[in-house]
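Report on the structure given below.
Note that the structure is predicted; figures quoted are calculated from it, not measured.
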Amino acid sequence: MIFVGLANGCVQAFDAVTLESLWLYEDPLGGQPNCPITYEDGYLYTGFWNREDGNANFVCLTVTDEDPAKTDESKLASWTYTSRGGFYWAGACVQNGVVLVGTDDGLATGQYDPASGKVLLLDAATGALLDEVGGICGD
């Protein structure tokens, strides 16, 4: 499978041999898909950015093609985590059942604070926040 981040909070999966579409995820908050897509054990993890001070999601998607007969299947997220400021070029590390990812600062344009981002520790199966460290340069 090939996974591609698309505009407006979308991720699309393609068959790597035929390049036929398998499914499309459309995030309800939209946003730019400028985060790397991390694959681990049958799941994808990626985030979106939606303005400096807008809410955006970090999502977990199963790679399973639930309906192989359809090429326009809509994918639902296994879980989402919403953060003000979203996730801007935030690559995630996934291992031992947890996801480690940084957030953007969540401040309006012109309100720069170099220590307003966070590093989040999320449960990889549920998206529950396990811990966070604030005061991180996140812009």
Is the shortest side-chain heavy-atom distance between [X] and [Y] below 4.5 Å?
| X | Y | answer |
| --- | --- | --- |
| Leu19 | Ile2 | yes |
| Tyr43 | Val63 | no |
| Tyr45 | Glu40 | yes |
| Leu29 | Thr80 | no |
| Lys118 | Ile136 | no |
| Ile37 | Val11 | yes |
| Val98 | Leu130 | yes |
| Leu129 | Leu121 | no |

Of all heavy-atom pairs between [X] and [Y], which one has the smallest distance, and what is that distance?
| X | Y | result |
| --- | --- | --- |
| Leu120 | Tyr81 | CD1-CE2, 3.4 Å |
| Gly5 | Pro33 | C-CG, 3.7 Å |
| Leu22 | Glu73 | O-CB, 3.6 Å |
| Gly86 | Ala56 | CA-CB, 3.6 Å |
| Gly102 | Ala90 | O-CB, 3.2 Å |
| Ala92 | Thr38 | O-OG1, 3.2 Å |

ILVMFWY cluster, [X] and [Y] together (side-chain gap under 4.5 Å):
| X | Y | value |
| --- | --- | --- |
| Val133 | Leu100 | yes |
| Leu6 | Trp23 | no |
| Leu61 | Met1 | yes |

TODO: Give the intermediate values and the outcome of side-chain contact (heavy atoms from CB on, under 4.5 Å) for residues Trp79 and Leu122.
DONE: CA-CA 11 Å; Trp79 56 259; Leu122 306 172; 3.9 Å; yes
Can you tell me how far apart [atom1] ([X]) and [atom2] ([Y]) are? Round to the nearest 0.5 Å.
| X | Y | atom1 | atom2 | answer |
| --- | --- | --- | --- | --- |
| Asn50 | Ser83 | CG | OG | 12.0 Å |
| Asp65 | Thr71 | CG | OG1 | 9.5 Å |
| Phe48 | Asn55 | CZ | CG | 14.5 Å |

Open item on the list: Between Lys75 and Thr62 (side chain of the first, backbone of the second, donor and acceptor by atom type, cut-off under 3.5 Å), is there such a pair?
Closed with: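 At least one qualifying donor-acceptor pair exists.
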Task: Polar side-chain atom of Thr64 near backbone of Glu66 as donor-acceptor pair, under 3.5 Å - done: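 Not a single qualifying donor-acceptor pair exists.
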- [ ] Specify whether Tyr88 and Trp49 have parallel, tilted or perpendicular ring planes, treating 30° as the upper limit for parallel and 60° as the lower limit for perpendicular.
- [x]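 Ring orientation, 0 to 90° scale: perpendicular.
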TODO: Give the C-alpha distance, both sets of side-chain angles, the deciding distance and a yes or no for side-chain contact (heavy atoms from CB on, under 4.5 Å) between Thr46 and Phe3.
DONE: CA-CA 11 Å; Thr46 193; Phe3 307 102; over 6 Å; no
TODO: Give the C-alpha distance, both sets of side-chain angles, the deciding distance and a yes or no for side-chain contact (heavy atoms from CB on, under 4.5 Å) between Cys10 and Leu24.
DONE: CA-CA 7 Å; Cys10 294; Leu24 176 69; 4.0 Å; yes
Task: Proximity of Phe58 and Phe87 rings by center, below 6.0 Å - done: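 Ring centres of Phe87 and Phe58 closer than 6.0 Å.
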- [ ] Would you please say whether a donor-acceptor pair under 3.5 Å links the side chains of Asp27 and Tyr25?
- [x]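 Checked: Asp27/Tyr25 side chains pair up, N/O donor to acceptor below 3.5 Å.
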Open item on the list: Whether the Glu26 and Ser74 side chains hold a donor-acceptor pair (N or O, under 3.5 Å, no angle test) is what I'd like checked.
Closed with: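 Note: Glu26 and Ser74 side chains miss the donor-acceptor criterion.
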Task: Single hit among Glu52, Arg84, Arg51 for side-chain contact (heavy atoms from CB on, under 4.5 Å) with Asp104 - done: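 So the option named by the test is Glu52.
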Task: Check against side chain to side chain donor-acceptor pair (under 3.5 Å), Thr82 and Asn57 - done: CA-CA 4 Å; Thr82 304; Asn57 284 329; 2.5 Å; yes
- [ ] Decide if atom CG of Asp67 counts as having more than 12 heavy atoms of other residues, nucleotides or ligands within a radius under 6.0 Å.
- [x]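 Count over threshold, so yes.
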